[in-house]
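One structure below.
Residues take their numbers from the sequence shown, with the count starting at 1. One-based numbering, in listed order, for ligands and for the atoms of each.
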Amino acid sequence: MARALARGWGEPVLATDAGSGRAARLAAEVGGEAVATNAVLAERADVVVLCHKPAQLREVAAEVSGRARVVASVLAGVSLADLREAYGETPVFRLMPNTPVEVGGGVTVIARDPGSDPSLRAEVVALFERVGIVVEVAEDQLEVAMALMGCAPAYLALVAQAQVDAAGARGMDTDTAARLVVETMAGTAALLRARDHDAAAVRREVASPGGYTEQGLQALERAGVPEALHEAMDVVTAPRRP
Ligand SMILES: NC(=O)c1ccc[n+]([C@@H]2O[C@H](COP(=O)([O-])OP(=O)(O)OC[C@H]3O[C@@H](n4cnc5c(N)ncnc54)[C@H](OP(=O)(O)O)[C@@H]3O)[C@@H](O)[C@H]2O)c1
C-alpha cells in the first residue's frame, strides 16, 4: 500500500521498513530517503502514513507517538479507539485507500470523527485527494466500505481474468481480449457515473428482451453471481478477533 500511495503521489517520500530494504527501493524509485528509524521519520515528516500490518500497531506507535505532527492510518480493522489508545495525544485519522491510488484513480474512505482537528483533517483529506476521491463514512460502516472499494479491485480483476479466459478458450488472443474487457470496464464505470449510478438503467439499455445480453445475465444469475457477492460481503464484514 505504501508503494501504491508513493507512486500515486509521485513525490519524494521518507520511508522505513522492518529490515527488508523495501524503503530504500521505494526511495530510489520515487525519490526521497529511507530513514533509519520510525522515531526519526516521525520527527521529520509532515504526515506519517501508517502502512505496516495491524499487528505492529503498538511497536510502531511506541516510536512515533509524541513525535509525529499527525498520523494517517490505513490499517484494516484498527479502530479509531485502538489508534487513540496507542497514539495518546498525537492526532490520528483512520482511512482506507485502495490500490488504484497508484494510478491516480483511487477511492479512499475516511472515518467520520467529529472530535478531530478540522484543519489537520482537511490536510489529510487533501493528501489522499491527490490520488483519487475521498469519501467520508461512519466508522461502523468502514468494513462495508472496504468490501466495496478496498477488496473490489481484486474482485473486478477476477471478473476480467475469467472473461479473458473464456475468450481464450474460444481462440481469441489474450491481449485483444484483455483490451476489450478492461476498456469496457472503464467505459461502464463512466456510463454509470453519467447515469447517476443507476445500474438498472445501464442494464436495461444493453439487455433487450430475449436478446444475447439478457440470456447472458440469466446465466450469471443461475450461476449465483449476485449471491456470491453477498457472501463476499459477509466474510469481509464478519466480526474478527483482535
Ligand atoms: N493491500 C491493500 O490493498 C490495502 C488496502 C488498504 C489498506 N491496507 C493496509 O495497509 C497495510 C499494509 O498492507 P500491505 O499489503 O502493503 O502489507 P505489506 O506489503 O506486508 O507491507 C507492510 C510493510 O510494513 C513494514 N513494516 C513492518 N513492521 C514495521 C516497523 N516496525 N516499522 C516500519 N515498517 C514496518 C514492512 O517492512 P518489511 O518490508 O521490512 O517487512 C512492509 O514493508 C495493512 O495494515 C493493510 O491493512 C492494504
How would you list all residue pairs meeting side-chain hydrogen bond (donor to acceptor under 3.5 Å, both in side chains) that involve residues 12-27, not counting sequence neighbours?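 Residue pairs passing side-chain hydrogen bond (donor to acceptor under 3.5 Å, both in side chains), neighbours aside: T16-N38.
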
Only pairs at least two apart or in different chains count here, so list each side-chain hydrogen bond (donor to acceptor under 3.5 Å, both in side chains) that has a residue in residues 148-164.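 Only Q161-D165 qualify under side-chain hydrogen bond (donor to acceptor under 3.5 Å, both in side chains).
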
Test of understanding: with ring pair (Phe, Tyr, Trp, His ring centres under 6.0 Å), list the residues that count as partners of F93, not counting sequence neighbours.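 Partners of F93 under the ring pair (Phe, Tyr, Trp, His ring centres under 6.0 Å) test: none.
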
Any side-chain heavy-atom pair from V124 and V70 closer than 4.5 angstrom?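 Sidechains of V70 and V124: in contact.
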
Less than 4.5 Å apart, side chain to side chain, heavy atoms only: is that true for D113 and R94?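 Contact flag for D113/R94 side chains = no.
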
E139 side chain vs L80 backbone, donor-acceptor pair below 3.5 Å: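 Yes; judged by distance alone, with no hydrogens or angles, the pair exists.
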
Ligand 1: protein residues within heavy-atom distance under 4.0 Å: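 Its neighbours under 4.0 Å (heavy atoms only) are M1, T16, D17, A18, G19, S20, R22, N38, C51, H52, K53, P54, Q56, E59, V60, V74, L75, A76, M96, P97, T99, given by chain and number.
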
